[in-house]
Colleague: 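Please see the structure below; I have some questions.
Side chains included, hydrogens not; waters and symmetry mates left out as well; all remaining heavy atoms used. In the text below, chain A, chain B and the rest are named by the order of the sequence lines, each starting its count at 1.
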Amino acid sequence: MRCLAPSGDRIRHTLPAMLKRTHTCGQLRDAHVGSVVTLSGWVNSYRDHGGLIFIDLRDRFGITQLVFDRESIAPALLDQADKLRNEDVIACTGKVRVRIGGPNPKLATGTVEVVVEALEVLAKTDNPPFLPDDLASLPAEETRLKHRYIDLRRPRMQGILATRHRITKVARDYFDENGFLEVETPILYKSTPEGAREFIVPSRHIPGSWYGLPQSPQLFKQLLMVSGLDRYMQICRCFRDEDPRADRQSEFSQIDLEMSFVGREDVMAMMEGFARRLWKAVLGVDVPPIQRMPYRECMERFGIDRPDTRYGLEIRDVSAIAAKTDFRVFRDALAKHPDAKPYFSKRGVVKAIRVPAPHAEKLTRKLTDGYSEWVKTFGAGGVPVVKLNAAGAFETGVAKFVEPVRAELVAALGLQPGDTVLFAADTYAVATKTLGELRQKVARDLGIVPEWGKAWNFLWMIDPPMFERDKDSGRWVAMHHPFTAPREDQQDAFVAADPDDDQAIESIVSAGYDLVMNGSEIAGGSIRIHRPDVQAKVFRLLGLSPEQAKDKFSFLLEALRFGAPPHGGIAFGLDRLVMHLCGTENIRDVIAFPKTQIGADLMTGAPSLVSDEQLRELHVKSTYVPQKP
RNA sequence: GGGGCGGUAGCUCAAUUGGUUAGAGUACCGGACUGUCGAUCCGGUGGUUGCGGGUUCGAGUCCCGUCCGCCUCGCCA
């Protein structure tokens with residue numbers, strides 16, 4: 001621990017005498033015994049024995065026990081100490097000695113104590129709404145957010161903020177060593193209302209015009225490549241005005257990166273090195289070489305583009321076997337586009353998950369009935385279930401329908417007595433999504449997901465499709481973003497593809513890549529389009545007329561015309577990285593001053609009303625009419 | 001926008017089927033105490049049960065509305 005004692009403080013002598021600390025509260029050890037030290041910090045707890053008072057003094061660096069002893073100090077000092085309460089801020093001077101009452105193994109400083117000879121109360125506290133105590137049961141999150149400055153006094157929260165700092169430090173060091181320049185990009189930005197809903201800011205100088213806040217610095221970092229910056233990094237704030245989740249805030253941070261003259265192998269290798277450095281620096285964990293898994297395989301085996309490979313429960317296609325049954329649910333599903341390509345999103349399929357024997361016992365009727373209800377949110381009709389009993393026969397659920405194909409199902413799924421099978425019969429898209437989500441829920445319900453710190457399963461998801469149909473509008477939308485390039489060998493197919501040929505468009509693969517860890521996307525990126533004709537074709541496919549594309553992105557299209565190097569990049573979700581490396585599932589725990597689900601800051605009261613004068617100056621008029629109480 | 005859970009003392013929680021003056025721990029205040037370390041012991045203050053309406057002899061409890069927090073679906077190029 002670094003000593004924070006200042007040196008050469010020229011104004012010290014002109015101020016009223018204040019005890020200046022010589023050590024932090026986490027610093028003193030046996031070696032300091034006998035020396036006179038000054039500490040400052042918050043009263044973490046007090047134990048008043050009358051003539052003997054113990055104070056645990058806390059700062060960011062630790063806790064040190066102070067002792068006030070009637071036999072060795074002035075009565076006035078003891079009276080002062082007698083009035084100290086939790087969260088008072090004090091400074092004190094005294095001699096370090098070995099603890100008379102024996103060591104406290106819970107504290108790093110637990111073998112010593114400071115016998116106080118001088119005390120200065122720097123700030124007396126009102127009775128705080130709660131104490132920043134990691135051992136006590138936490139107050140409601142609402143209370144923590146309202147008094148965030150107190151919540152952030154908790155060692156756990158300070159530890160998270162320290163880890164967050166460590167992560168950004170490692171990022172800056174690593175990318176600096178590899179030739180990246182950190183460049184800041186605008187927060188007040190051109191509104192580009194594709195994708196996420198954006199926050200907007202009115203212009204005072206240009207009446208009626210608005211800035212958007214960036215959903216990411218995507219276009220600027222590409223322009224920096226056109227500018228010849230070669231390698232860019234930024235730890236940047238991004239804004240998306242969509243409803244938050246446990247792992248999502250509308251204002252969040254990315255470690256944003258872009259590289260010139262590279263293909264996807266170069267980018268992935270560079271980022272893999274970063275992940276390796278990061279896990280080693282923060283957790284001491286060695287990350288082995290990261291395997292790649294094509295999007296198609298991810299979907300086939302795990303039903304999701306970010307597979308959690310920490311447990312089995314993989315998905316199998318049993319369409320061919322299901323077709324031989326008389327089960328109407330199977331037959332109806334399989335009747336959809338039976339002649340389409342195998343992975344066509346609208347083609348009917350039957351897929352299954354085998355839940356192996358010891359765990360399968362926990363799958364009660366109540367639980368599986370719940371699954372049938374739950375999957376309706378993904379558009380599925382239900383979850384057919386069947387069990388293989390000890391005698392090797394199917395029972396319960398859809399047993400009578402699948403009994404005729406028992407041998408084939410047992411062989412295809414590798415079933416053992418006691419196993420349970422969960423089915424999904426629907427279109428490829430719905431069945432895959434359903435089992436992909438169900439697989440994760442079952443794993444959680446059965447308790448087979450390794451606890452935090454036990455497994456770090458990385459993989460690169462590669463070869464994702466360029467486009468997919470929007471569920472509502474039916475229009476093509478970019479899977480990643482409209483600047484993602486087709487994979488090198490797909491360029492011709494892309495240029496030739498007929499926009500009305502669903503199967504052809506769906507099968508075009510991009511040069512995108514996502515870094516996935518334990519089922520969580522921690523980074524996503526792609527090689528970008530650097531040819532104006534290819535970029536124009538993408539815009540056309542997305543339904544942007546040349547005029548619209550020019551209006552929104554003319555600067556990019558122009559830039560691409562004036563000599564753009566091949567380039568590609570990636571962005572890490574910083575908040576999620578911190579969550580994973582700290583073992584928390586609440587994104588608000590890794591943000592110093594987070595917002596609630598409706599974007600409110602409970603501490604400052606943002607957002608708040610502004611004066612009519614402010615609005616007039618910005619040429620803005622609110623249509624909101626407050627409800628009468 | 002939809003679904004779910006929650007809101008009782010500063011904080012964490014309890015309160016039987018709708019029934020006496022809404023309790024406990026902790027914090028806080030006062031007192032005792034020289035080796036504690038989540039100190040202990042004694043005493044005390046502290047409540048618009050989120051807010052508004054309704055049903056009822058009687059509402060923390062039931063009904064309607066509303067606000068806030070969390071989880072979630074949609075949404076998140």
Side-chain angles (χ1 to χ4, degrees), chain A residues 44-56 63-72 78 82-83 85-87 99-107 109-110 113 115 125-147 150 192-198 215-216 218-219 238-250 252 373-379 437 441 466-468 470-472 475-484 512 521 524 526 538-539 542 544 552-553 573 585-588 595-598 600 602 627-629:
Chain A
N44 195 61
S45 67
Y46 63 94
R47 296 176 292 280
D48 184 350
H49 293 244
L52 180 70
I53 298 171
F54 297 100
I55 303 281
D56 284 349
I63 289 177
T64 301
Q65 174 165 288
L66 312 178
V67 188
F68 296 78
D69 189 339
R70 185 169 60 197
E71 291 186 349
S72 59
L78 194 69
D82 189 50
K83 295 193 182 72
R85 291 296 178 266
N86 293 326
E87 301 308 308
R99 285 191 183 215
I100 291 173
N104 180 354
K106 293 178 190 168
L107 299 180
T109 62
E113 60 190 9
V115 187
T125 180
D126 286 350
N127 187 24
F130 61 97
L131 294 178
D133 182 356
D134 284 325
L135 297 174
S137 53
L138 281 179
E141 191 160 9
E142 203 170 344
T143 308
R144 294 173 50 203
L145 292 174
K146 190 169 178 182
H147 305 279
I150 293 176
T192 54
E194 275 78 38
R197 193 179 295 118
E198 57 185 12
Q215 299 169 24
S216 82
Q218 180 61 36
L219 296 175
C238 305
F239 305 88
R240 294 178 192 175
D241 188 10
E242 302 290 352
D243 289 359
R245 288 287 184 276
D247 62 349
R248 231 166 65 188
Q249 271 288 276
S250 50
F252 64 101
E373 224 15 70
W374 184 69
V375 298
K376 286 175 183 167
T377 59
F378 308 114
E437 295 294 332
K441 188 173 179 62
M466 288 279 284
F467 306 99
E468 61 183 346
D470 180 77
K471 282 186 290 293
D472 302 324
R475 297 192 335 201
W476 289 115
V477 293
M479 195 103 165
H480 186 45
H481 56 56
F483 318 108
T484 299
E521 180 193 329
S526 62
V538 171
F539 286 149
L542 295 178
L544 283 177
K552 293 179 202 306
F553 304 115
E585 295 186 351
N586 179 349
I587 195 172
R588 294 174 300 282
K595 294 182 178 62
T596 70
Q597 294 220 331
I598 55 173
L602 298 182
Q627 297 291 309
K628 292 198 178 72

Colleague: Quick one: list whatever passes salt bridge (Lys or Arg N to Asp or Glu O under 4.0 Å) with A/Asp134, sequence neighbours left out.
Modeller: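 A/Asp134: salt bridge (Lys or Arg N to Asp or Glu O under 4.0 Å) contacts with A/Arg154.
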Colleague: What is the distance, to the nearest angstrom, from the CZ atom on A/Arg85 to the P atom on B/rA39?
Modeller: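 Taking CZ of A/Arg85 and P of B/rA39, I get 13 Å after rounding.
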Colleague: Just verifying a value: how many Å separate A/Arg85 CZ and A/Thr125 OG1, rounded to the nearest 0.5 Å?
Modeller: 12.0 Å
Colleague: When you get a sec, tell me which of B/rC70, B/rU34, B/rC76 is the closest nucleotide to the side chain of A/Arg240?
Modeller: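 Given the options B/rC70, B/rU34, B/rC76, the side chain of A/Arg240 is closest to B/rC76.
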Colleague: Could you work out the separation of B/rU26 and B/rC67 based on their C1' atoms and round it to a whole Å?
Modeller: 29 Å
Colleague: Can you work out whether A/Asp69 or A/Lys83 has the more 5'-proximal nearest nucleotide on RNA chain B?
Modeller: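 Of the two residues, A/Lys83 wins.
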Colleague: Tell me which of A/Lys106 and A/Ser137 sits closer to the 5' end of RNA chain B, going by the nucleotide each one is nearest to.
Modeller: A/Ser137
Colleague: Mind checking the C1' distance from B/rU45 to B/rA9? Whole angstroms is fine.
Modeller: 11 Å
Colleague: Under 4.0 Å, heavy atoms only, any strand: does A/Gly110 hit a base, just the sugar-phosphate, or nothing?
Modeller: nothing
Colleague: With a 3.5 Å limit on both atom pairs, tell me what B/rA15 is paired to, counting Watson-Crick and G-U wobble, or say none.
Modeller: none
Colleague: Would you measure the distance from the C1' atom in B/rC28 across to the matching atom in B/rG46 and give it in whole Å?
Modeller: 9 Å
Colleague: Rounded to whole Å, please give me the gap between CG in A/Asp243 and C1' in B/rC71.
Modeller: 13 Å
Colleague: So if I take every side-chain heavy atom of A/Phe130 and compare against B/rC11, B/rC37, B/rU34, which nucleotide ends up nearest?
Modeller: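 Closest nucleotide to the A/Phe130 side chain: B/rC11.
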Colleague: Of the candidate nucleotides B/rA27, B/rC76, B/rU36, which contains the atom at the shortest distance from the side chain of A/Arg248?
Modeller: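 The answer is B/rC76.
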Colleague: What's the NE2-P distance between A/His49 and B/rG35, to the nearest Å?
Modeller: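 Going from A/His49 (NE2) to B/rG35 (P), I get 7 Å.
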Colleague: With a 3.5 Å cut-off and heavy atoms only, can you find an N or O donor on one side and an acceptor on the other between the side chain of A/Arg197 and the base of B/rC76?
Modeller: no
Colleague: Pick the P atom in B/rA39 and in B/rA24, then give their distance to the nearest Å.
Modeller: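 22 Å, rounded to whole Å.
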Colleague: Could you tell me the Watson-Crick or G-U partner of B/rG47, where both distances fall under 3.5 Å? Say none if there is no partner.
Modeller: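 Paired with B/rG47, as far as the under-3.5 Å criterion goes, is no nucleotide at all.
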Colleague: Find the distance A/Asn86:CG to B/rG38:C1' and express it as a whole number of Å.
Modeller: 11 Å
Colleague: Given the P atoms of B/rA77 and B/rC64, what is the spacing between them in whole Å?
Modeller: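 These two P atoms come out 38 Å apart once rounded.
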Colleague: In whole Å, what is the span from the CD1 atom of A/Ile55 to the P atom of B/rG38?
Modeller: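 Rounded to the whole Å, the gap is 15 Å.
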Colleague: If you check every side-chain atom of A/Asn127, which of B/rC70, B/rA27, B/rC33 has the closest atom?
Modeller: B/rA27
Colleague: Decide yes or no for A/Arg47 and A/Gln65: does some side-chain heavy atom of the first lie under 4.5 Å from some side-chain heavy atom of the second?
Modeller: yes
Colleague: With 3.5 Å as the limit, what N/O pairs link the protein to nucleotides 66-68 of chain B?
Modeller:
residue, atom, partner, partner atom, Å
B/rC68, O2', A/Glu142, OE2, 2.5

Colleague: Heavy-atom distance under 4.5 Å between the side chains of A/Glu585 and A/Asp247, does that happen here?
Modeller: no
Colleague: For A/Phe68 and B/rU36, give me the distance from atom CZ to atom P, rounded to whole Å.
Modeller: 19 Å
Colleague: Let me know the distance between CG of A/Leu131 and P of B/rG10, rounded to the nearest Å.
Modeller: 15 Å
Colleague: Would you mind reading off the distance between A/Asp82 atom CG and B/rC33 atom C1', rounded to a whole angstrom?
Modeller: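 Nearest whole value for this atom pair: 12 Å.
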Colleague: For B/rA39, give its Watson-Crick or G-U wobble partner with both distances under 3.5 Å, or none.
Modeller: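 Paired with B/rA39, as far as the under-3.5 Å criterion goes, is no nucleotide at all.
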Colleague: Give me the distance, rounded to whole Å, that separates B/rU20 from B/rG58 when you measure between the P atoms they each carry.
Modeller: 15 Å
Colleague: Consider the side chain of A/Asp56, meaning its heavy atoms from C-beta on, and name the nucleotide among B/rA77, B/rU34, B/rC37 that approaches it most closely.
Modeller: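 Among B/rA77, B/rU34, B/rC37, the one nearest the side chain of A/Asp56 is B/rC37.
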Colleague: For nucleotides B/rU55 and B/rG3, find the distance between their C1' atoms and express it as a whole number of Å.
Modeller: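 Nearest-Å result for B/rU55 against B/rG3 at atom C1': 28 Å.
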Colleague: Both distances under 3.5 Å, Watson-Crick or G-U wobble: report the partner of B/rU26, or none.
Modeller: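 The answer is B/rG10, by the H-bond criterion.
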Colleague: When both hydrogen-bonding distances must be under 3.5 Å and the geometry is Watson-Crick or G-U wobble, what is B/rC5 paired with, if anything?
Modeller: B/rG69
Colleague: In the strands shown, is B/rC33 matched to any nucleotide by a Watson-Crick or G-U wobble pair with both distances under 3.5 Å, and which?
Modeller: none
Colleague: Taking atom C1' in both B/rG50 and B/rU61, compute the distance separating them and give it to the nearest angstrom.
Modeller: 16 Å
